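Contents: one structure, followed by commentary.
Since the model is a prediction, treat every value here as computed from it, not as a measurement.
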Amino acid sequence: MSQPPRGPRNADRLGRPGTLPPVPGRPTSWPLLTLATLLLLTALSVLTWQVLTDGPLRAADERLGDTLRDGAPPTWAAELLADLGNMTVAPSLLLAAMAYAVLRTRRWWPALCYSLALALVPAVVSTLKAWTDRPGPLGGTGYFPSGHAATAAVAFGAAALLITHAPSLNGPRDRTSGEGEGGGIGEAEGAGEGGDGALARPWSARWALGRARAAWLLTAAVLTLANGLGLVWRGYHWPLDVLASWCLSVLLLLWTARAAAVRPEPPLSGRRRRAVRDRE
C-alpha cells in the first residue's frame, strides 16, 4: 500500500495546502469576545447615562465617595496609590514589559498593539470628559471617566499580558518547521493564533507557568484596584469615574489581546519565496 510523501510540512498560518492545523486552546473565541464586549459597553453606557441624567446611581455614588474619603488612610499613602496612574509611572512599567517581551520572543507585534492601546486612552477619555462634564468631589468639571484609572488599568494589564505570554511564545523550537519569525519560535508547537509553545512542555512546567501567569495578572489587578481607591480617597474622582474607566480599559485590553495574537506574516526571504513557488 503506497504512502503519501512525508516531506517537511509547511507550518505557516496562511491556510495554504499543507499547513499544520491550529492548536486548540487559548485564543478567545469570537462569541465570548462579542459577549464580553456587549456587557462592557452596556455597563459603560449605563454609567454614562446615570451621570448625564443625574440619576439615582450618581447620587449613591457621591454618597459612597464621601464615605470613602472620610475613612481614607494617611494622605501620603493615598497619594502614593493615586500616583500609580501618572504618565511617569504606569507607562514606564509598560515600556519595560514591552522591552522584555520583544527581547524574549523577538516579536514586535504584541508590544506595538499594547502601546497603541495605551495611546488611545487619552483620546477616548478626553472625549467622554468633554461630553459628560461631571463635577469632581473637590470642585471643577470634566471628571468622568478617570484618565489616571484608565491609564493604570491599561498599562498594568498590558504589562502583565506581555510578561505572562512571553515564556509560552519562546517555547521549544519546532525542528521540522524550519524558519520562524527571526528564526525563533517554531510554528508547529506555536500554531494557532498567538501560538503556545507551552503545549510542548511537560505538565509540571505548564503548571508552574500557569501559576506565574496568575501571579502577574493578580498583581496587575491589585495595583489597578489600589490606584482606583487612592483616586477616590484623595478626592480626585468619584467611584463611578473609576469604575467607568475600568470598563473601558478591559474592553481595550480584550480587543488588543485579540489583535496581538494574530501574527503578521514576515517578508519572505529569497529561499522561502522559491520554496513557495515550487509548492505551487
Side-chain angles (χ1 to χ4, degrees), residues 40 43-44 47-48 50-51 57-58 60-100 114-115 117-126 128-129 132 134-164 212-254 256:
L40 289 167
L44 184 58
L47 296 179
T48 305
Q50 287 291 293
V51 168
L57 194 58
R58 173 173 172 172
D61 171 56
E62 293 177 358
R63 289 195 300 270
L64 176 62
D66 292 338
T67 301
L68 289 174
R69 253 193 343 275
D70 291 340
T75 300
W76 65 267
E79 187 70 30
L80 181 65
L81 297 179
D83 285 345
L84 290 175
N86 282 349
M87 292 302 293
T88 56
V89 179
S92 299
L93 180 62
L94 176 58
L95 186 62
M98 288 165 54
Y100 168 80
Y114 287 111
S115 64
L118 185 62
L120 279 175
V121 168
V124 177
V125 168
S126 298
L128 287 173
K129 282 178 178 287
T132 56
R134 184 185 190 185
L138 303 179
T141 57
Y143 280 80
F144 179 92
S146 167
H148 282 72
T151 299
V154 171
F156 296 149
L161 290 170
L162 281 169
I163 291 172
T164 57
R213 284 175 172 163
W216 278 107
L217 293 172
L218 180 61
T219 300
V222 169
L223 288 174
T224 301
L225 177 62
N227 170 250
L229 287 173
L231 292 170
V232 175
W233 282 333
R234 289 294 292 135
Y236 297 147
H237 282 285
W238 300 108
L240 283 190
D241 303 343
V242 174
L243 183 58
S245 295
W246 290 346
C247 292
L248 177 63
S249 301
V250 174
L251 186 62
L252 274 174
L253 287 173
L254 282 175
T256 304

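Residues Leu231 and Asp241 are not in side-chain contact: their nearest non-hydrogen atoms beyond the backbone lie 4.5 Å or more apart. Tyr100 is listed as a side-chain neighbour of Ile163, based on a closest heavy-atom distance under 4.5 Å. A heavy-atom distance below 4.5 Å is not found between the side chains of Leu223 and Asn227. The shortest side-chain heavy-atom distance between Leu217 and Leu161 falls under the 4.5 Å cut-off. The closest side-chain heavy-atom distance from Thr219 to Phe156 is not below 4.5 Å.
Distance check, rounded to the nearest 0.5 Å: CG of Leu95 to CE of Met98 gives 6.0 Å. Here CG of Leu57 is found 5.0 Å from CG of Leu240. Values are rounded to the nearest 0.5 Å.
Here the closest heavy-atom approach between residue Thr164 and residue Ala212 is recorded as CG2-O, 4.4 Å. Nearest heavy-atom pair, Pro135 versus Trp238, reported as atom, atom and distance to 0.1 Å: O-NE1, 3.0 Å. In plain terms, the two heavy atoms of Val125 and Ser146 that are nearest each other are CG1-C, 4.4 Å. Looking at every heavy atom in both residues, Gly235 comes nearest to Leu138 through O-CG, 3.4 Å. A pairwise comparison of heavy atoms in Lys129 and Gly142 identifies NZ-O, 3.0 Å as the closest pair. When every heavy atom of Ala152 is checked against every heavy atom of Gly85, the shortest pair comes out as CB-CA, 3.9 Å.
Each of Leu248, Leu252, Val250 was compared with Leu40 under the side-chain contact (heavy atoms from CB on, under 4.5 Å) criterion, and only Val250 meets it.
For Thr48, the side-chain contact (heavy atoms from CB on, under 4.5 Å) test picks out Leu44, Leu52, Trp131, Thr132, Phe144, with sequence neighbours left out. Residues passing the salt bridge (charged side-chain N to carboxylate O under 4.0 Å, His left out) test with Arg234, sequence neighbours excluded: Glu79. Legend: residues meeting side-chain contact (heavy atoms from CB on, under 4.5 Å) with Asn86, ordered by chain and number and at least two apart, are Asp83, Thr88, Val89, His148. Applying the side-chain contact (heavy atoms from CB on, under 4.5 Å) rule to Ala155 yields the partners Ala90, Leu94, Leu118; only residues at least two apart in sequence or on another chain are considered. Arg63 pairs by the salt bridge (charged side-chain N to carboxylate O under 4.0 Å, His left out) definition with nothing, not counting sequence neighbours. Here Ser126 pairs with nothing under the side chain to side chain donor-acceptor pair (under 3.5 Å) rule; sequence neighbours left out.
In this structure, the side chain of His237 engages the main chain of Tyr143 through a donor-acceptor pair within 3.5 Å.
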Test Thr256 against Val154 for side chain to side chain contact (heavy atoms under 4.5 Å, CB included), laying out the working first.
CA-CA 10 Å; Thr256 304; Val154 171; over 6 Å; no
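The pair Asp61-Arg58 fails the salt-bridge criterion, with no side-chain N (NZ, NE, NH1 or NH2) lying under 4.0 Å from an Asp/Glu carboxylate O.
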